Amino acid sequence: MKIVLEAKALYKSFGKEKEDEAAVLRGINLQIGQGEFVVIMGQSGSGKSTLLYNISGMDRLTRGQVLFDGEDISSLSDDKISKIRLNKMGFIFQHSHLLKTLSIKENIMLPGIKAGKKTRAEVIRDAEELMQRIGIEAIGGHDITKVSGGQLQRAGICRALINSPGIIFGDEPTGALNSGAALEVMKILNDINQNGTTLLVVTHDSKVAARAERVIYLADGKIETEYMLGKYNSEKEDLRERENEMNKWLKQRGF
Ligand SMILES: Nc1ncnc2c1ncn2[C@@H]1O[C@H](COP(=O)(O)OP(=O)(O)OP(=O)(O)O)[C@@H](O)[C@H]1O
Ligand SMILES: [Mg+2]
């Protein structure tokens, strides 16, 4: 399998403290293969979000390396990293952070316009196709304050996909949703992954983790262990069984 993303001996500390002892991330080694769906779990404060931000170039590591498509992005300028993030990565957060002054569709189009690789008409066409696929075509013209949390999150997913990124990073993408809306988002994530997009998702939710193929458990800024579930096949497999296995494993870690 081709490795698309790799952290090598990654350390991150926020203060001036002696980095190896008090660092938030302490020597993370991680490889993500093309097309994988990997979940990061761990107690609150274990460093999950920090890992996601550092491995995706949203934040600067203190020491170590992050290789994206074989390129050491940790040594690139802010400008170059921003370009890579805009063109090759997608981000989904707990709250979608859409702009209030724009409609749903305009929000989805924005990164497509910014990237400057497509005409406005092409961006509109792609945004409409995505909204159709994700089931929010009817609310494209709506104000972002006039839609549900689930619809907003699905709009955030469309926005993350507008530049056809090879990888999507998610930090608690279902964290603010009710169970019905969370299920919709989980299904969309599986669907995106089926279509070849690599996913790296932080979650507290074993229901999300059960849909991944590999779960990494972070404790005190280190990868304690990982669990190989294998790719989820919704036609052949019972999700509840995977979830039960997942919960047993998590319980053993005191989660
Ligand atoms: N910008 C920052 N400045 C200082 N300390 C920070 C900063 N961001 C995170 N930390 C610290 O790093 C540690 C890990 O935080 P992080 O947000 O990565 O945890 P997490 O595993 O995502 O937790 P949660 O499950 O609550 O989201 C915490 O002790 C936190 O206080
Ligand atoms: Mg977090």
Side-chain angles (χ1 to χ4, degrees), residues 5-32 36-66 68 73-74 78 81-82 85 89-98 149 152-153 156-157 159-160 167-179 181-182 185-186 189 198-212 214-227 243 246-247 249-255:
L5 186 66
E6 181 170 10
K8 286 183 169 175
L10 193 164
Y11 283 82
K12 173 69 180 179
S13 53
F14 290 98
K16 292 196 174 70
E17 68 272 12
K18 275 197 115 183
E19 66 189 42
D20 287 10
E21 290 146 38
V24 171
L25 297 177
R26 302 186 291 154
I28 302 281
N29 291 298
L30 178 61
Q31 293 188 328
I32 310 292
E36 258 198 302
F37 180 176
V38 178
V39 149
I40 303 170
M41 293 192 88
Q43 301 282 359
S44 181
S46 57
K48 304 181 294 296
S49 297
T50 307
L51 175 57
L52 198 76
Y53 300 160
N54 279 272
I55 206 170
S56 63
M58 282 179 68
D59 197 2
R60 290 280 182 188
L61 21 151
T62 306
R63 189 148 60 80
Q65 272 189 329
V66 173
F68 178 65
I73 58 167
S74 42
D78 288 351
I81 294 180
S82 302
R85 282 207 311 267
M89 299 173 172
F91 294 87
I92 315 168
F93 301 96
Q94 187 166 3
H95 298 284
S96 59
H97 303 292
L98 299 180
L152 216 50
Q153 195 59 321
I157 293 174
R159 182 187 52 181
I167 186 164
I168 300 261
F169 298 92
D171 194 358
E172 305 279 4
T174 61
L177 303 178
N178 65 39
S179 55
V185 165
M186 285 187 276
L189 291 178
T198 309
L199 296 182
L200 183 59
V201 175
V202 168
T203 186
H204 274 110
D205 189 347
S206 59
K207 284 193 166 61
V208 178
R211 291 170 174 269
R214 177 154 67 108
V215 180
I216 285 160
Y217 196 84
L218 214 60
D220 282 335
K222 288 183 178 170
I223 294 177
E224 186 183 279
T225 174
E226 63 176 39
Y227 189 98
E243 219 183 298
M246 192 76 253
N247 282 328
W249 180 76
L250 288 169
K251 214 171 167 189
Q252 285 164 7
R253 329 237 88 70
F255 188 80

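Keep in mind that the numbers below use all heavy atoms, side chains included, and drop hydrogens, waters and symmetry copies. One-based numbering, in listed order, for ligands and for the atoms of each. This structure is a prediction, so every number in the text was calculated from the model and none was measured.
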Side-chain contact test, heavy atoms from C-beta onward, threshold under 4.5 Å: evaluate it for Asp171 versus Ile92 and give yes or no.
no

Residue, atom and distance of the protein heavy atom nearest atom 1 (N) of ligand 1 read Phe14 CE2, 3.4 Å

State, yes or no, whether a side-chain contact exists between Tyr53 and Lys12 at a heavy-atom distance under 4.5 Å.
no

Is the shortest heavy-atom distance from the side chain of Gln65 to the side chain of Leu10 under 4.5 Å?
no

Would you say atom 30 (C) of ligand 1 touches the protein, meaning some protein heavy atom is under 4.0 Å from it?
no

Considering only protein heavy atoms, which is closest to atom 17 (O) of ligand 1, and at what distance to one decimal place?
Ser49 CB, 3.8 Å

Nearest protein heavy atom to atom 13 (C) of ligand 1, by residue and atom, and its distance?
Val24 CG1, 3.6 Å

In the structure I gave you, are the side-chain heavy atoms of Arg85 and Ile81 within less than 4.5 Å of one another anywhere?
yes

Ring geometry between Phe91 and Phe93 (parallel below 30°, tilted from 30 to 60°, perpendicular above 60°):
parallel

Which ligand 1 atoms are under 4.0 Å away from a heavy-atom of Ser44?
23 (O), 24 (P), 25 (O), 26 (O)

Looking at CD1 of Ile32 and CD1 of Ile55, how far apart are the two atoms once the value is rounded to the nearest 0.5 Å?
5.5 Å

Report yes or no: does Gly42 have a heavy atom closer than 4.0 Å to ligand 1?
no

Give me the ring orientation class for Trp249 and Tyr217: parallel if the planes are under 30° apart, tilted from 30 to 60°, perpendicular past 60°.
perpendicular

Is Ser49 close enough to the Mg ion (ligand 2) to have an N, O or S atom under 2.8 Å?
yes

Ligand 1 N/O within reach of Gly45 N/O, cut-off under 3.5 Å:
yes

Taking 4.0 angstrom as the limit and counting only heavy atoms of His204, give me the atoms of ligand 1 inside it, by number and element.
25 (O)

Identify the protein heavy atom lying closest to atom 15 (O) of ligand 1, giving its residue, its atom name and the separation to 0.1 Å.
Thr50 OG1, 3.7 Å

Rounded to the nearest 0.5 Å, what separates atom CG in Asp59 from atom OG in Ser49?
11.5 Å

Could you tell me whether atom 3 (N) of ligand 1 has a protein heavy atom closer than 4.0 Å?
yes

Heavy atom of the protein closest to atom 25 (O) of ligand 1 (residue, atom name, distance)
Lys48 NZ, 2.7 Å

Could you list which atoms of ligand 1 come closer than 4.0 Å to a heavy atom of Gln43?
21 (O)

Please determine whether the number of non-hydrogen atoms from other residues, nucleotides or ligands lying under 6.0 Å from atom CG of Asp220 exceeds 12.
no

